[in-house]
Amino acid sequence: MTEGNIRQIQLNEYQRAAVLDDSPACVVNANVGSGKTTVLIEKILYLHLERHVPLEQMIVLTFTNKAADEITERLLRREPGIRPEQVEGFGTFHSVALRLLKNRLPVENAGWTKEFTVMDPDEETDLALDIIAGQGLKVKYKNRLKKRMEQEYQAYLSGKTESRYKDDLFRLYPLLLEEKKRQNKMSFADLLRVASELLSDGKTEEEHREASPESGKSWRPAWIIVDEVQDSDSLQLEFLAALRDFGRTETPGKGGREKPGGENAPENHTFSGVKLFAVGDPNQVIYSWRGTGENMFFRLKHRFAARELSLPVNYRSDVSILEAANRFMQFGEKIRGSRQETGRIVVKNHYDPFQEAEYLADRIRSLHEDGEAYSGIAVFYRLQRQAEVLTKVFERQGIPFELSVKRTLKDIPVLEWLLKVLRFSVNSADIQSAVNVLTDPRYGGKCTKKKALEIVRGDGRNKGKDSRETEKGGRKESGPEKLFRRMREFPEYFAGRTESPSAEELFAYFGLREALHPASEGYAGDEHAVMDFLKKMCGVCSGGGAAEAGGNEARQTQYAEQKDFAERIREFVNSSALYGMKTDAGEKAADGEDMLPPGRGSDTADRVKLMTLHASKGLEFNVVFMIGVNQGLIPLRCRSFEQEEEERRLFFVGITRAKRTLELSWYTNPGEPGAFGEPGRYLQMIPQHLMEREDIRSHEERHGNLRRMRREVQEQIRKKRDGENIGDAGAERKGTDTGQAADERKKVIHVRHKKYGNGVLISEDEMNVEVEFPGYGRKKFLKAFSEVEWI
DNA sequence: GAGCTGTTCTTTTTT
DNA sequence: AGAACAGCTC
């Protein structure tokens, strides 16, 4: 039976070993394209169907929402009968931690109440700035505070006493924490940290249940399953450890807990602990600059004394691509291929990004004419800004493309403001949001900070009583005061209502017409965006049949329980902080039409994908163009050995996205600061026999139009430059030229610079070039940055 | 707070 | 290299 099931889905021997493994802890070192997610899904199904481990007793953790969605989707495809409440333990680290804190853990013991909300990182940064100002702390690089707070948090937690900049940052952390407790909200990091702390506070599950009676039935996991472990950080590792060890303080001889589900009791009762199964690829660590220290894959293996298995067989790419990729592997066995086809690896040299974009447009068009779908083609680059030339040229040439940049609620100011209105409405301790709502320069009361604080504090003094009286007689209530009162009374006003009010009712309740300033220029658009948002929100938060609003049914049905409206809004606000409300609608969507979780359709559109190398992780394409493989760009100029290693893994990730065709290119004239006009070192690391090299000369001879194009571009540049320095150039150039020729009669090297025009090379070493320009004199350039071009 | 000198970073991005 | 900031002086 077991064998039969496994064969049915055609696992190879390695995959099967991973699925069947029953060690207390196991890490699977999964090569690129080796069916990592398939193994994960089959493992879950195997445990569920064959070993009778209830899904409710599995915690399945991913790093991103995208991965979480993929797992639930694939699981549902295999087993359509699975109900959302069975997969409550499935999700990102943060969303699972949030669920535990809300439903299972005595969060009161840590200083919050069950009604806490989740902060987004910008909100936390703003709060930190308030505290710095209020307490007179000395903190450096305030404009980079968000980055600093995240990067140095690990160091702070690990007990270091002072920040690397020797400022008050480490004094800020505890003050910030106190303020967050006061305002009853948690940052992303808090979710993991507090959950871990509460899980390992030495109390048993029963004691937790007593402290928090609503926690309901037993939820202690039998299995913890983790995807992409290599991407996790120290906090996540601690969370895993805390989850696994939770409740271990129970006396072993106690005869075990009652097993929910009687005959469905797991077979593994001989082993008292929780089992851990994690998959990942140490060769694909590309986010360590975010503060992940050592390679987490091995740290996890060591920490849990895990058995290591591997998945060496790649099912994605043709042999030549894999042979090249093997040169960039840093850990583990070589990738083994599964196909016979020899794909193409082409290396091209282009004059500059513009010329290349023109070439790519032509090339992509002809690929499409030969039957390749646009969606099977991708262009990868190192820096976001490199996409600009591509989008311009592709637009003009009519190549359908999709730029992978995520839009969030924050891109629409009125919705960002509205979310703060909701935040305070469902969490009356959240003073920060209330003040922000009242002081926004565009919406609401447009109060000064002082005035806003008065309103917010004033309310605290005369709780309830006063405000209601003002409504009837006495002093007339001001706009901001009314808005504030409406927010504060929100939970009370909607108390006991389980059905969602209509968007119109909410709009009227908050007095949004007035708050959005109907006389303002953008009012119509703002109102539209707000109504659209409220409609979608009410749809998600309504009592029954919640799953309409598109995307993420499993996530949304959690609102279907009997909870009152305010509580559902709180959940909505929290999940929007964690899950984001991205639109993946690329170019347009300014009208808010595409707000809220991705609708179907845009994924399936036949368009070429343009993205950074980082964004390409986890994806695959028939044809991959990796552009700008220049020294100093790919790899990017590195300061440390670790950084260099990571650039190499990034290149590895990029080339292994290609199934059949991989084309790498470098520019003679990269036009990016820091990039040299020479091929990136990685091109030399690929075995020569795998590559078809085409340099610019042979290429241009075959395509006269590109040659013409290039000449046109150069012409444009020259004209522009000549227009800038009329007069002096001509007369002086001659004199300097002859003088120079006398000094170095053997060879005069002419160069050209964007700003200074033509000049003569004086000297050159590894790092610098010195050039004499007529009319400007001698200039020195660092090779890494100069835009000097040899002519 | 203008003006100086010295220092640090420049990129990638998820929750 | 050049931007952006920190910290100093007057």
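Numbered from 1 within each chain, the chains take letters A, B, ... in sequence-line order. No experiment lies behind these values; they were computed from the predicted model shown.
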Give me, pair by pair, the N or O atoms of the protein and of nucleotides 3-5 of chain B that are less than 3.5 Å apart, along with how far apart they are.
none

Report, one pair per line, the protein and nucleotides 2-4 of chain C atoms (nitrogen or oxygen only) whose separation is under 3.5 Å.
none

Using a cut-off of under 3.5 Å, enumerate the N/O to N/O pairs linking the protein to nucleotides 7-9 of chain C.
from, atom 1, to, atom 2, distance (Å)
C:dG7, OP1, A:Lys140, NZ, 3.3

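Checked against B:dC9, B:dT15, B:dT12, the side chain of A:Arg164 finds its nearest nucleotide in B:dC9. Ranking B:dT15, B:dT11, B:dT13 by closeness to the A:His614 side chain, first place goes to B:dT13.
Under 3.5 Å, the side chain of A:Glu646 and the base of B:dT11 form no donor-acceptor pair of N or O atoms. One can find a donor-acceptor pair under 3.5 Å joining the base of B:dT10 and the side-chain atoms of A:Arg637.
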Return a table of donor-acceptor pairs under 3.5 angstrom between the side chains of residues 129-142 of chain A and protein atoms on other chains or two or more places apart.
from, atom 1, to, atom 2, distance (Å)
A:Asp130, OD1, A:Lys449, NZ, 3.3
A:Lys140, NZ, A:Tyr165, O, 3.1

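Within the 4.0 angstrom heavy-atom criterion, base atoms lie near A:Leu636. When heavy atoms are screened at a 4.0 angstrom cut-off, A:Lys147 is found touching base atoms of the nucleic acid. No engagement by A:Arg649 is indicated, since no non-hydrogen atom pair under 4.0 Å with the nucleic acid exists. Using a 4.0 Å heavy-atom criterion, one finds that A:Gln236 contacts no nucleic acid atom at all.
For A:Leu177, the side chain to side chain contact (heavy atoms under 4.5 Å, CB included) partners at least two apart in sequence or on another chain are A:Trp112, A:Lys180, A:Lys181, A:Asp190, A:Arg193. Looking at residues two or more places apart in sequence or on another chain, you find a salt bridge (charged side-chain N to carboxylate O under 4.0 Å, His left out) between A:Glu663 and A:Lys348, A:Arg363. Here A:Glu642 pairs with A:Ser640 under the side chain to side chain contact (heavy atoms under 4.5 Å, CB included) rule; sequence neighbours left out. In this structure, the side chain to side chain contact (heavy atoms under 4.5 Å, CB included) partners of A:Lys392, at least two apart in sequence or on a different chain, are A:Glu388. For A:Lys36, the salt bridge (charged side-chain N to carboxylate O under 4.0 Å, His left out) partners are A:Asp227, A:Glu228, not counting sequence neighbours. Remark: A:Asn436 pairs with no residue by the side chain to side chain donor-acceptor pair (under 3.5 Å) rule, at least two apart or across chains. Here A:Arg382 pairs with A:Glu647 under the salt bridge (charged side-chain N to carboxylate O under 4.0 Å, His left out) rule; sequence neighbours left out. Residues meeting the salt bridge (charged side-chain N to carboxylate O under 4.0 Å, His left out) test with A:Glu678, sequence neighbours left out: none.
Distance check, rounded to the nearest 0.5 Å: CZ of A:Phe170 to CD of A:Glu162 gives 8.5 Å.
Put simply, A:Ser95 has no side-chain N or O that comes within less than 4.0 Å of OP1 or OP2 on B:dT15.
Comparing A:Tyr141 and A:Leu650 by the nucleotide of DNA chain B whose heavy atom lies nearest to each, the residue mapping closer to the 5' end is A:Tyr141.
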_Could you walk me through whether A:Phe331 and A:Phe298 satisfy the ring pair (Phe, Tyr, Trp, His ring centres under 6.0 Å) test, starting with their C-alpha distance in whole Å, then the side-chain angles of each, then the deciding distance to 0.1 Å, before giving a yes or no?_
CA-CA 10 Å; A:Phe331 307 98; A:Phe298 299 107; 5.2 Å; yes
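Between the C1' atoms of B:dT13 and C:dG2, the separation comes to 25 Å (whole Å).
Between A:Glu672 atom CD and B:dT10 atom P the separation is 15 Å, expressed in whole Å.
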